[in-house]
Amino acid sequence: MAPCVLSHFNTRGICGVCVGVGPRPPPSRFRLDLSRPREVTVASSSATLTNINVVSPAQTRTAQNDNSSFLQRRRFKDADSKILETRRFNDAPSVPNDVPASAPPAATLVKFVHAPLSFFALDQMTYKGKRTNVDVGDPEDYTRPLVKDLASDASFSCGSWVCTQGGWDSPNHKKATEWFVVLSGAGAVTDPDGTRHDFRAGDVVVLPKGWYGRWDITEQIHKVWINDAHDDIPGASTTPVVASLASFAPHMLERAGTSPERLARTFFDNGRTRAGFWSCAPGSFPGGKGKTAECVHIIGGTVFLTNEDGSARRICAGDTVVLPDGWTGRWDVVERTEAVWASVTPP
């Protein structure tokens, strides 16, 4: 079996900033109960509210807000009296939902979703059973979603998929454009005219809406994917695109920013779904998504990603981050970081 592309990177590790080492917040009878996961409602870039649907292994509960009106009215006299945010660190995706009383109302905040590689471990995925339309082998499917129905038109979903060896025809035209990064394994998709597109660990693949043909998994495959369920795009190609990490060598990248230096390359763009590679030197810079929802998979390096309200997360090799449309925050790159990404910008 081909080795995982992430095997050379350290995918674990939490620093003092992440675990909240520092002064304990002062006692307050108004502190929210943060001991249980809860559903989070955030605002999209439009005036209407949008739910970020995050799949978590724990049962979710809706946060109690009996004191919310009082907290909004109360004026704090000094910074020490503010309610501080606490964070839970486990293998569930993080959607920071415990907004400090001094921050803007929760409905105005859009926060990133973070999943470490362990969130997509095989023993954390749902077994879907054996495929019924196969003609080679006896492949079995495993899956785990991360988010769904993002972007202003609810077209953006993200998750992970594992499939054992086998092959099958896929005669139905795809109803969405799919992007995925291959974490381990190998396989191929074949066009109706017989053109074969092979991929392996480290490759990034785009299957445009309208594609159909054949799948062959030659080594058990594990991938992180996004789907963009959009309307037909006149004149858009339906030919699959495979980009290897070798195609993102430094001499093939273009300057995308300075202070710190950022290099990038876009290898797919159909007018709303884009995909590419990104590299950034150590440094800090603000980030904002506007109408764009984006998935970023870290190949190497370490960054701290901070939401507008100050809640932050350490992101390292193997992690997947979803930046919803309307997100604003800050990137702090600790060491040179490389990532593959896909974004969706509805019209």
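Side chains included, hydrogens not; waters and symmetry mates left out as well; all remaining heavy atoms used.
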**Request:** Could you check whether the rings of F199 and W215 sit parallel, tilted or perpendicular, using 30° and 60° as the cut-offs?
**Result:** perpendicular

**Asked** Under a 4.0 Å N-O cut-off, is there an ion pair linking R262 with E254?
**Response** no

**Request:** For the residue pair T302 and E335, confirm or rule out a side-chain donor-acceptor distance under 3.5 Å.
**Result:** yes

**Request:** Report yes or no: do H222 and S184 form a side-chain donor-acceptor pair below 3.5 Å?
**Result:** no

**Prompt:** Who pairs with W278 by ring-ring contact (aromatic ring centres under 6.0 Å, His included), at least two apart in sequence or on another chain?
**Reply:** W331

**Item:** The single option from D231, N227, D232 passing side chain to side chain donor-acceptor pair (under 3.5 Å) against K209
**Value:** D232

**Asked** Between D153 and K291, is there a side-chain N and carboxylate O pair less than 4.0 Å apart?
**Response** no

**Asked** Of L305, T306, I315, which meets side-chain contact (heavy atoms from CB on, under 4.5 Å) against D332?
**Response** T306

**Request:** Can you spot which of D325, V322, D149, D228 makes a side-chain contact (heavy atoms from CB on, under 4.5 Å) with F156?
**Result:** V322

**Item:** Cationic N near anionic O, under 4.0 Å, K111 to D309
**Value:** yes

**Asked** If we ignore angles and hydrogens, is there a donor and acceptor under 3.5 Å between the side chains of R336 and S279?
**Response** yes

**Message:** If hydrophobic clusters are built by linking Ile, Leu, Val, Met, Phe, Trp and Tyr wherever their side-chain heavy atoms come under 4.5 Å apart, do W225 and Y212 end up in the same one?
**Reply:** no

**Prompt:** Transitively linked via ILVMFWY side-chain contacts under 4.5 Å: V189 with V162?
**Reply:** no

**Message:** Under 4.5 Å between side-chain heavy atoms, counting indirect links through other Ile/Leu/Val/Met/Phe/Trp/Tyr residues: same cluster for I233 and W211 or not?
**Reply:** no

**Request:** Determine the minimum heavy-atom distance between F268 and T177, stating which atoms define it.
**Result:** CE2-CG2, 4.3 Å

**Request:** Mind running side-chain hydrogen bond (donor to acceptor under 3.5 Å, both in side chains) on D191 and H197 for me, showing each step along the way?
**Result:** CA-CA 8 Å; D191 298 336; H197 308 271; 2.8 Å; yes

**E261 bridged to R255 by N-O distance under 4.0 Å** = yes

**Item:** K223 bridged to D203 by N-O distance under 4.0 Å
**Value:** no

**Request:** Drop me the distance from C280's SG to F285's CZ, to the nearest 0.5 angstrom.
**Result:** 4.5 Å

**Complete:** Between K289 and G326, the two heavy atoms sitting closest are CB-N, 4.1 Å

**Prompt:** Taking the six-membered ring of F304, is NZ or CZ of R313 closer than 6.0 Å to its centre and within 45° of its axis?
**Reply:** no

**Message:** Checking side-chain polar atoms at under 3.5 Å, does R274 have a donor or acceptor matched by the opposite partner on T266?
**Reply:** yes

